[in-house]
2 protein chains.
Amino acid sequence: MKVSSKGEYALRALICLGGMHSKLISIEKISEKTLVPVHYLEQILLQLKRNGYVQSKRGVNGGYKLGKNPKEIIIGDVIRNLEGPLAPMGCVSITSYESCPLEEGCLLKPLWALVRDKIAELLDNTTLYDLIERKI
Amino acid sequence: MKVSSKGEYALRALICLGGMHSKLISIEKISEKTLVPVHYLEQILLQLKRNGYVQSKRGVNGGYKLGKNPKEIIIGDVIRNLEGPLAPMGCVSITSYESCPLEEGCLLKPLWALVRDKIAELLDNTTLYDLIERKI
DNA sequence: TAGAAACTTGATTAGATTAGTCAACAATTT
DNA sequence: AAATTGTTGACTAATCTAATCAAGTTTCTA
């Protein structure tokens with residue numbers, strides 16, 4: 001039931017950027033603060049950029065900043081974008097359902113559905129703002 | 001946030017055994033019913049045996065059966081035994097805590113702790129009996 | 001002796017991480 | 001104003017690790 005390191009790292013980076021008030025900060029600096037390996041962080045920021053969560057500027061004094069208001073960045077969405085559905089099994093995923101040969105009559109499906117509901121309810125009602133302001 | 005296939009497969013096997021009323025059933029039969037690859041299932045059953053969840057009998061007409069009453073088999077424990085802690089991150093795991101260099105001041109920890117609580121509350125209050133009798 | 005589980009080992013695959021190169025930009029130099 | 005240089009992000013490939021799956025061998029029991 002682990003969150004992948006990719007998701008954890010992405011959130012660390014967003015939190016870091018959220019505390020910079022739109023001032024640019026370089027990948028290297030983010031890496032120092034978040035303890036995420038530089039090259040891996042690079043890939044993650046790229047992915048966050050494609051999804052509009054961050055913006056970048058190249059060249060001297062370039063770097064990254066948030067691309068959205070922290071109140072508009074929903075943690076559940078970030079996780080989904082970076083590491084796939086929140087649901088513990090594809091057969092109960094709403095955002096990216098996968099059929100399963102057992103399916104009907106599967107006694108586990110209702111349980112996984114409950115797990116998904118609990119996780120989604122939590123992460124879809126938490127924003128980056130909530131984390132930064134320690135509302136949670 | 002996935003459950004590993006190991007955990008899913010183990011639960012499928014236990015559900016299958018739970019419906020046999022202590023009659024022995026071979027790995028191959030279990031594999032047919034649960035669609036779990038035979039050789040992988042073998043390893044999983046071995047692990048379940050070490051933890052007392054199942055019993056085996058060798059030789060002709062041998063096979064597996066449950067080692068405990070379905071009401072005593074807690075889903076959360078099965079998952080923990082097979083794929084490790086329920087917590088999404090080691091830093092919030094109660095059963096197998098791992099320290100993290102960020103730790104104090106980490107804004108994510110409280111969130112992960114909530115996730116852990118929700119998952120654990122659900123899976124630790126569900127037994128194999130509940131699944132088999134469709135109480136959930 | 002035949003059928004079945006137990007066990008060992010290796011192959012395959014996917015995820016995580018690291019390494020290295022290329023392209024853009026801004027300040028500096030000429 | 002043009003060329004140069006250093007800083008930075010963008011991108012690709014290789015390495016490492018763990019999960020998953022497969023095959024074969026051994027041991028036990030009717």
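Per chain, numbering begins at 1; letters A, B, ... match sequence-line order.
- With rounding to whole Å, L41(A) atom CG is found 14 Å from dA16(C) atom C1'.
- When rounded to the nearest whole Å, the span between CD of Q55(A) and C1' of dG9(D) equals 14 Å.
- Side-chain polar atoms of N69(A) and Y129(A) form no donor-acceptor pair below 3.5 angstrom.
- Remark: S26(B), I27(B) in residues 17-36 of chain B come within less than 4.0 Å of DNA chain C through at least one heavy atom.
- Atom CD in E83(B) sits about 17 Å away from atom P in dA18(D), given to the nearest Å.
- Enclosure of atom CG in N61(A) is not indicated, since only 12 or fewer non-hydrogen atoms of other residues, nucleotides or ligands lie within 6.0 angstrom.
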Check nucleotides 22-29 of chain D against the protein and report each pair of N or O atoms closer than 3.5 Å, with its distance, or say if there are none.
from	atom 1	to	atom 2	distance (Å)
dA22(D)	N6	Q43(B)	NE2	3.1
dA23(D)	N7	H39(B)	ND1	3.0
dA23(D)	N7	H39(B)	NE2	3.4
dC28(D)	O4'	R58(B)	NH1	2.9

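- Counting only N and O atoms by type, the side chains of K6(A) and Q47(A) include a donor and acceptor under 3.5 Å apart.
- Taking atom CD1 of I44(B) as the reference point, atom P of dA5(C) lies 15 Å away to the nearest angstrom.
- The CG-C1' distance, from N61(A) to dA24(C), rounds to 15 Å in whole Å.
- In this structure, K68(B) places its NZ atom where more than 12 heavy-atom neighbours from other residues, nucleotides or ligands lie under 6.0 Å away.
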- prompt: For R80(A) and D124(A), what are the C-alpha separation, side-chain angles and deciding distance, and is it a salt bridge (Lys or Arg N to Asp or Glu O under 4.0 Å)?
  reply: CA-CA 10 Å; R80(A) 282 194 198 89; D124(A) 283 337; 2.7 Å; yes
Identify the pairs formed between an N or O of the protein and an N or O of nucleotides 28-30 of chain C at a distance under 3.5 Å, and give each distance.
none

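- The distance between atom CG of L48(A) and atom P of dG9(D), rounded to the nearest whole Å, is 14 Å.
- Once rounded to the nearest 0.5 Å, the distance linking CG of L128(A) with CG of L66(A) reads 6.0 Å.
- Note: K33(B) NZ to L17(B) CG = 9.5 Å, rounded to the nearest 0.5 Å.
- In this structure, the CG atom of L82(B) is 12 Å from the P atom of dA19(D), given to the nearest Å.
- The line from CG of D77(A) to OG1 of T127(A) is 11.5 Å long, rounded to the nearest 0.5 Å.
- Under a cutoff of 6.0 Å and an axis angle of 45°, K49(A) and Y64(A) do not form a cation-pi pair.
- Dense packing is recorded around CD of E32(A), with more than 12 heavy atoms of other residues, nucleotides or ligands lying under 6.0 Å away.
- The side chain to side chain contact (heavy atoms under 4.5 Å, CB included) check on S5(B) picks up Y9(B), Y40(B), with sequence neighbours excluded.
- How far CD of Q43(B) is from CG of L48(B): 12.0 Å, rounded to the nearest 0.5 Å.
- DNA chain C lies under 4.0 Å from no heavy atom of any residue of residues 2-16 of chain B.
- Computed from coordinates, the K49(B) NZ to dA4(C) C1' distance equals 13 Å when rounded to whole Å.
- Every side chain to side chain contact (heavy atoms under 4.5 Å, CB included) that K109(B) has, sequence neighbours left out, goes to C91(B), V92(B), E103(B), C106(B).
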